[in-house]
Enquirer: 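Take this structure first; my questions come after.
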Amino acid sequence: MELQELRRIGLTDGEIKVYEALLELGESTKTALAKKSGIAPSNIYDVTNRLIEKGIISKVEKNGVAHFSPANPKRILDFLEQKEKEMQKERDFV
(Lines give C-alpha, C1' and ligand atoms only; values in the text may rest on other atoms or scores of the structure.)
Protein backbone atom coordinates (compact mmCIF):
# COMPACT_ATOMS: atom_id res chain seq x y z
CA MET A 1 0.00 0.00 0.00
CA GLU A 2 1.31 3.41 -0.94
CA LEU A 3 1.38 5.74 2.03
CA GLN A 4 -0.60 8.41 0.17
CA GLU A 5 -3.42 5.88 -0.19
CA LEU A 6 -3.86 6.23 3.56
CA ARG A 7 -5.67 9.50 2.82
CA ARG A 8 -8.48 7.45 1.26
CA ILE A 9 -9.02 5.58 4.52
CA GLY A 10 -9.30 8.76 6.54
CA LEU A 11 -5.81 9.75 7.59
CA THR A 12 -4.85 13.40 7.30
CA ASP A 13 -1.71 14.57 5.50
CA GLY A 14 -0.11 15.26 8.88
CA GLU A 15 -0.94 11.78 10.15
CA ILE A 16 0.54 10.25 6.99
CA LYS A 17 3.74 12.30 7.35
CA VAL A 18 4.14 11.29 10.99
CA TYR A 19 3.45 7.61 10.26
CA GLU A 20 5.88 7.63 7.34
CA ALA A 21 8.56 9.28 9.49
CA LEU A 22 8.06 6.67 12.22
CA LEU A 23 8.35 3.85 9.70
CA GLU A 24 11.74 5.28 8.71
CA LEU A 25 12.94 6.19 12.21
CA GLY A 26 11.49 3.36 14.27
CA GLU A 27 11.09 4.53 17.85
CA SER A 28 11.38 8.30 18.09
CA THR A 29 10.97 11.26 20.41
CA LYS A 30 8.77 14.26 19.67
CA THR A 31 11.73 16.38 18.58
CA ALA A 32 13.16 13.85 16.11
CA LEU A 33 9.70 13.04 14.83
CA ALA A 34 8.87 16.71 14.23
CA LYS A 35 12.13 17.21 12.37
CA LYS A 36 11.75 14.12 10.17
CA SER A 37 8.03 14.60 9.41
CA GLY A 38 8.08 18.36 8.89
CA ILE A 39 5.20 18.75 11.36
CA ALA A 40 5.57 21.63 13.82
CA PRO A 41 6.62 20.41 17.28
CA SER A 42 3.59 22.18 18.74
CA ASN A 43 1.32 19.94 16.61
CA ILE A 44 3.11 16.60 17.06
CA TYR A 45 1.14 15.58 20.15
CA ASP A 46 -2.21 16.27 18.48
CA VAL A 47 -1.25 14.21 15.44
CA THR A 48 0.30 11.37 17.43
CA ASN A 49 -2.70 11.20 19.77
CA ARG A 50 -5.02 10.73 16.79
CA LEU A 51 -2.77 7.98 15.42
CA ILE A 52 -2.67 6.31 18.83
CA GLU A 53 -6.48 6.36 18.98
CA LYS A 54 -6.55 4.70 15.57
CA GLY A 55 -4.10 2.05 16.78
CA ILE A 56 -1.54 2.90 14.12
CA ILE A 57 1.25 4.01 16.46
CA SER A 58 2.08 3.52 20.12
CA LYS A 59 3.65 5.65 22.84
CA VAL A 60 5.79 4.74 25.83
CA GLU A 61 7.36 6.94 28.47
CA LYS A 62 11.08 6.49 29.16
CA ASN A 63 12.52 8.62 31.93
CA GLY A 64 9.63 11.04 31.51
CA VAL A 65 10.16 11.42 27.76
CA ALA A 66 7.52 10.24 25.29
CA HIS A 67 8.74 7.81 22.64
CA PHE A 68 6.55 6.94 19.67
CA SER A 69 6.71 3.78 17.56
CA PRO A 70 4.86 2.70 14.44
CA ALA A 71 2.57 -0.27 14.74
CA ASN A 72 2.93 -3.08 12.26
CA PRO A 73 1.42 -1.86 8.97
CA LYS A 74 -1.06 -4.74 9.24
CA ARG A 75 -2.68 -2.79 12.10
CA ILE A 76 -4.11 -0.55 9.40
CA LEU A 77 -6.34 -3.47 8.46
CA ASP A 78 -7.64 -3.53 12.04
CA PHE A 79 -8.34 0.19 11.75
CA LEU A 80 -10.26 -0.40 8.52
CA GLU A 81 -12.28 -3.22 10.08
CA GLN A 82 -13.22 -0.94 12.97
CA LYS A 83 -14.31 1.81 10.56
CA GLU A 84 -16.37 -0.75 8.65
CA LYS A 85 -18.12 -1.87 11.85
CA GLU A 86 -18.90 1.73 12.75
CA MET A 87 -20.33 2.35 9.29
CA GLN A 88 -22.46 -0.79 9.54
CA LYS A 89 -23.87 0.41 12.87
CA GLU A 90 -24.81 3.70 11.21
CA ARG A 91 -26.49 1.84 8.34
CA ASP A 92 -28.42 -0.32 10.79
CA PHE A 93 -29.60 2.80 12.59
CA VAL A 94 -31.09 4.29 9.43
Side-chain angles (χ1 to χ4, degrees):
M1 172 184 289
E2 291 292 320
L3 289 173
Q4 291 307 312
E5 289 179 24
L6 297 174
R7 184 179 298 114
R8 291 190 353 215
I9 64 169
L11 270 63
T12 66
D13 288 339
E15 290 169 342
I16 293 168
K17 288 177 184 178
V18 167
Y19 183 63
E20 182 176 32
L22 280 174
L23 287 175
E24 292 179 23
L25 294 170
E27 186 175 293
S28 179
T29 62
K30 169 188 152 182
T31 303
L33 186 53
K35 188 174 188 177
K36 181 73 174 176
S37 68
I39 301 296
S42 60
N43 294 331
I44 284 292
Y45 284 125
D46 289 335
V47 174
T48 55
N49 285 337
R50 290 193 309 262
L51 289 170
I52 290 167
E53 287 176 15
K54 294 173 181 175
I56 296 174
I57 69 169
S58 61
K59 175 177 130 179
V60 294
E61 296 278 331
K62 294 183 180 180
N63 298 322
V65 177
H67 290 254
F68 302 96
S69 298
N72 185 314
K74 292 182 182 192
R75 279 288 291 137
I76 293 173
L77 293 176
D78 295 335
F79 171 67
L80 286 174
E81 288 174 9
Q82 181 62 34
K83 280 186 72 167
E84 187 176 322
K85 287 177 185 176
E86 290 171 6
M87 288 180 1
Q88 186 60 45
K89 284 181 184 178
E90 289 179 19
R91 283 188 203 112
D92 292 344
F93 183 73
V94 175

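Below, each value reflects all heavy atoms present in this structure, side chains not excepted, and no hydrogens, waters or symmetry copies.
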Enquirer: Are any non-hydrogen side-chain atoms of R50 and T12 less than 4.5 angstrom apart?
Expert: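 Result yes, sub-4.5 Å side-chain heavy-atom pair found.
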
Enquirer: Atom NZ in K35, atom CD1 in I44: separation rounded to 0.5 Å?
Expert: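 One finds 13.5 Å between NZ of K35 and CD1 of I44.
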
Enquirer: Measure the shortest side-chain to side-chain distance between Q88 and R91 over non-hydrogen atoms and say whether it is less than 4.5 angstrom.
Expert: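 Sidechains of R91 and Q88: in contact.
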
Enquirer: If you define the side chain from C-beta out and look only at heavy atoms, does anything of L6 sit under 4.5 Å from E15?
Expert: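 Counting from C-beta outward, L6 and E15 never come under 4.5 Å.
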
Enquirer: Once rounded to the nearest 0.5 Å, what's the spacing between atom CG of L33 and atom CD1 of I39?
Expert: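 Output value for this atom pair is 8.5 Å.
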
Enquirer: After noting the C-alpha distance and the side-chain angles of L51 and L11, does the key distance pass the side-chain contact (heavy atoms from CB on, under 4.5 Å) rule?
Expert: CA-CA 9 Å; L51 289 170; L11 270 63; 4.1 Å; yes

Enquirer: Side-chain polar contacts of residues 56-63 - donor-acceptor pairs under 3.5 angstrom, sequence neighbours left out - could you list them?
Expert:
residue: K62; atom: NZ; partner: E27; partner atom: OE1; Å: 3.3
residue: K62; atom: NZ; partner: E27; partner atom: OE2; Å: 2.7

Enquirer: With sequence neighbours left out, write down each residue that passes salt bridge (Lys or Arg N to Asp or Glu O under 4.0 Å) with K89, or none if nothing qualifies.
Expert: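 K89 satisfies salt bridge (Lys or Arg N to Asp or Glu O under 4.0 Å) with no residue once adjacent residues are dropped.
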
Enquirer: Just verifying a value: how many Å separate S42 OG and K30 NZ, rounded to the nearest 0.5 Å?
Expert: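 Going from OG on S42 over to NZ on K30, the span is 7.5 Å.
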
Enquirer: Could you tell me whether the side chain of I52 reaches within less than 4.5 Å of the side chain of F68, counting heavy atoms only?
Expert: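 Sidechains of I52 and F68: in contact.
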
Enquirer: Check whether the side chains of N49 and E53 place a donor and an acceptor atom closer than 3.5 Å, and report yes or no.
Expert: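 On atom types as modelled, these side chains do not qualify, holding no pair under 3.5 Å.
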
Enquirer: So which atom in L23 and which in P70 form the shortest heavy-atom distance, rounded to 0.1 Å?
Expert: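 Taking L23 first and P70 second, the nearest heavy atoms are CD2-CB, 3.9 Å.
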
Enquirer: Please tell me if the side chains of L22 and S28 come closer than 4.5 Å, counting only heavy atoms from C-beta onward.
Expert: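 SC-SC contact between L22 and S28 confirmed.
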
Enquirer: Which atoms form the tightest heavy-atom contact between L25 and K36, and what is the distance?
Expert: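 Minimum heavy-atom separation between L25 and K36: CD1-CB, 3.7 Å.
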
